[in-house]
Amino acid sequence: MEQKAGFSTNQNVIIPRKRKLSAEAKKEERAFWIFISPWIIGFLFFTGGPIIASLVLSFTSYNVIDAPKLIGFENFAKLFDDKLFYKSLTVTAYYVVLAVPFSIVIGLAMAVLLNQKVKGQAFFRTMFYAPSIVSGVSVAFLWSWLLNPDFGIVNGLLNDLFGIDGPGWFTSTKMVIPSMVLMQLTAVGGTMVIFLASLQSLPAELYEAAAIDGANKVKQFFKITVPLISPVILFNTIMGIIGSFQVFTQAYIITRGGPDWMSYFYVLYLFDTAFGQFRMGYASAQAWILFLIIFTFTMLSLLASKKLVHYEYDSK
């Protein structure tokens, strides 16, 4: 059997031999594990551990005070006979259907506008992005004042400028979900920044060639920009679906699920079950059902995107 440096050969099979790490490499490896250890510890105690615990608790009856009692799939069976489960899921799905396209369209429109070379470009980018880093509780209070049917600024302007009475934004069963979607205007900054980064990476020569061929700005946008940033659109869509299914703060602060349960989102129901009724086993089962729903929609989005998303591969 012929041997080469660093390899063990057997006829036509070449098997690389494990090389011993130098003292410097071992030192770097130790430093790596030391620096990453806070994240690992945090993940085990605050993310990975609770995930496993919730899976175990979903098969138990647990009220925090007494020890968990194993009941098998009873929690999951009860969920599918629970009217509030279906109501909260329907309300959340309605919100997702409205909020995700709204965030994508507004975020992309803002990115296109902020990609133009104008004076004060950096200022405008900062101004439009800043609201997205404000606490969700603060934003919820702000919108509850803006859209208050009695003294809100929005209804006041509608009355002063157009002489019409504004709707009961958070008190009407028809308007409460659209009102929650409207609140996304202050949270769309993250989506906008991702779109803006993708727009800045597009080759200018494509637009120059299209302009020479007589394509106007609208055609350039739909024929060049949208196909080239389609992977980013897919990413933002999936992130929007995940975030929208977990909507909670707006309803908890403003409506508490009303009116007539029309803003009783799934995570709000889960929260009430866990920390209002202390039915931790049942709440854990709700959490895993939510995980399966989000996972399913994510996979469906990826499958549906195969013919819609354009990936540019480097052939070199």
Side-chain angles (χ1 to χ4, degrees), residues 92-133 139 177-178 180-247 290-316:
T92 305
Y94 178 37
Y95 176 84
V96 171
V97 168
L98 293 182
V100 174
F102 180 81
S103 298
I104 296 299
V105 171
I106 297 298
L108 181 56
M110 290 171 60
V112 170
L113 290 174
L114 294 174
N115 195 41
Q116 307 304 312
K117 294 180 180 180
V118 295
K119 270 189 175 182
Q121 185 186 64
F123 168 76
F124 287 114
R125 289 178 178 177
T126 304
M127 184 179 69
F128 279 99
Y129 175 71
S132 65
I133 62 174
V139 170
I177 294 299
M180 298 285 184
V181 172
L182 187 63
M183 292 173 63
Q184 285 294 103
L185 284 173
T186 50
V188 78
T191 303
M192 176 203 73
V193 166
I194 296 172
F195 276 132
L196 184 59
S198 66
L199 290 174
Q200 292 178 336
S201 67
L202 300 182
E205 51 270 20
L206 289 179
Y207 294 93
E208 294 171 0
I212 292 172
D213 289 340
N216 56 30
K217 295 293 184 181
V218 175
K219 283 188 177 180
Q220 290 177 25
F221 178 77
F222 286 104
K223 297 295 185 181
I224 299 176
T225 303
V226 172
L228 290 181
I229 67 169
S230 55
V232 181
I233 295 175
L234 173 64
F235 172 79
N236 280 330
T237 299
I238 291 175
M239 295 304 293
I241 290 172
I242 294 171
S244 297
F245 266 110
Q246 298 179 75
V247 63
L290 179 61
F291 165 76
L292 292 175
I293 291 170
I294 292 175
F295 179 80
T296 301
F297 274 95
T298 301
M299 291 299 103
L300 289 174
S301 300
L302 290 173
L303 289 173
S305 69
K306 287 185 176 180
K307 295 183 179 180
L308 300 175
V309 176
H310 169 76
Y311 293 100
E312 185 177 359
Y313 294 96
D314 188 0
S315 58
K316 292 182 181 180

Out of curiosity, L228 CG to K223 NZ, how far, rounded to the nearest 0.5 Å? 13.0 Å

Give a yes or no on this: more than 12 heavy atoms of other residues, nucleotides or ligands lie within 6.0 Å of atom CZ of F297. no

Can you find a pair of side-chain heavy atoms, one from P178 and one from Y94, that are under 4.5 Å apart? yes

Out of curiosity, S103 OG to M192 CE, how far, rounded to the nearest 0.5 Å? 13.0 Å

Checking the side chain of D213 only, and the main-chain atoms of A215 only, is there a donor and an acceptor separated by less than 3.5 Å? no

CD1 (I241) and OG1 (T296) are apart, to the nearest 0.5 Å, by 11.5 Å

Kindly give the heavy-atom pair with the smallest separation between M180 and Y95, and that separation in Å. CB-CE1, 3.8 Å

Below 4.5 Å, heavy atoms only, C-beta onward: do L302 and I238 meet side chain to side chain? yes

A side-chain contact here means heavy atoms from C-beta on lying under 4.5 Å apart; do L182 and L185 qualify? yes

Output for pair (Y129 OH, L114 CG), nearest 0.5 Å, gives 13.5 Å

Keeping Q121 on the side-chain end and Q116 on the backbone end, is there a donor-acceptor pair under 3.5 Å? yes

Run L290 and T92 through side-chain contact (heavy atoms from CB on, under 4.5 Å) and show every step you take. CA-CA 11 Å; L290 179 61; T92 305; over 6 Å; no

Heavy atoms of S244 and A99 approach each other most closely as OG-CB, 4.0 Å

Derivation of the side-chain contact (heavy atoms from CB on, under 4.5 Å) call for N115 and L196: CA-CA 7 Å; N115 195 41; L196 184 59; 3.8 Å; yes

Just by distance, do the side chain of S230 and the backbone of H310 share a donor-acceptor pair under 3.5 Å? yes

Side-chain touch Q184/I106, heavy atoms, less than 4.5 angstrom: no

Is atom CZ of F295 surrounded by more than 12 heavy atoms (other residues, nucleotides or ligands) closer than 6.0 Å? no

Tell me, with the steps shown, if V112 and F195 meet side-chain contact (heavy atoms from CB on, under 4.5 Å). CA-CA 8 Å; V112 170; F195 276 132; over 6 Å; no

Could you tell me the separation between the CZ atom of F221 and the CD1 atom of I229, rounded to the nearest 0.5 Å? 6.0 Å

Where do L202 and Y207 land on the side-chain contact (heavy atoms from CB on, under 4.5 Å) test, with the steps shown first? CA-CA 9 Å; L202 300 182; Y207 294 93; 3.1 Å; yes

Going by side chain to side chain contact (heavy atoms under 4.5 Å, CB included), V181 matches just one of V100, V247, L98, V96. Which one? L98

How long is the straight-line distance from OG of S198 back to CD1 of I233, given to the nearest 0.5 Å? 8.0 Å

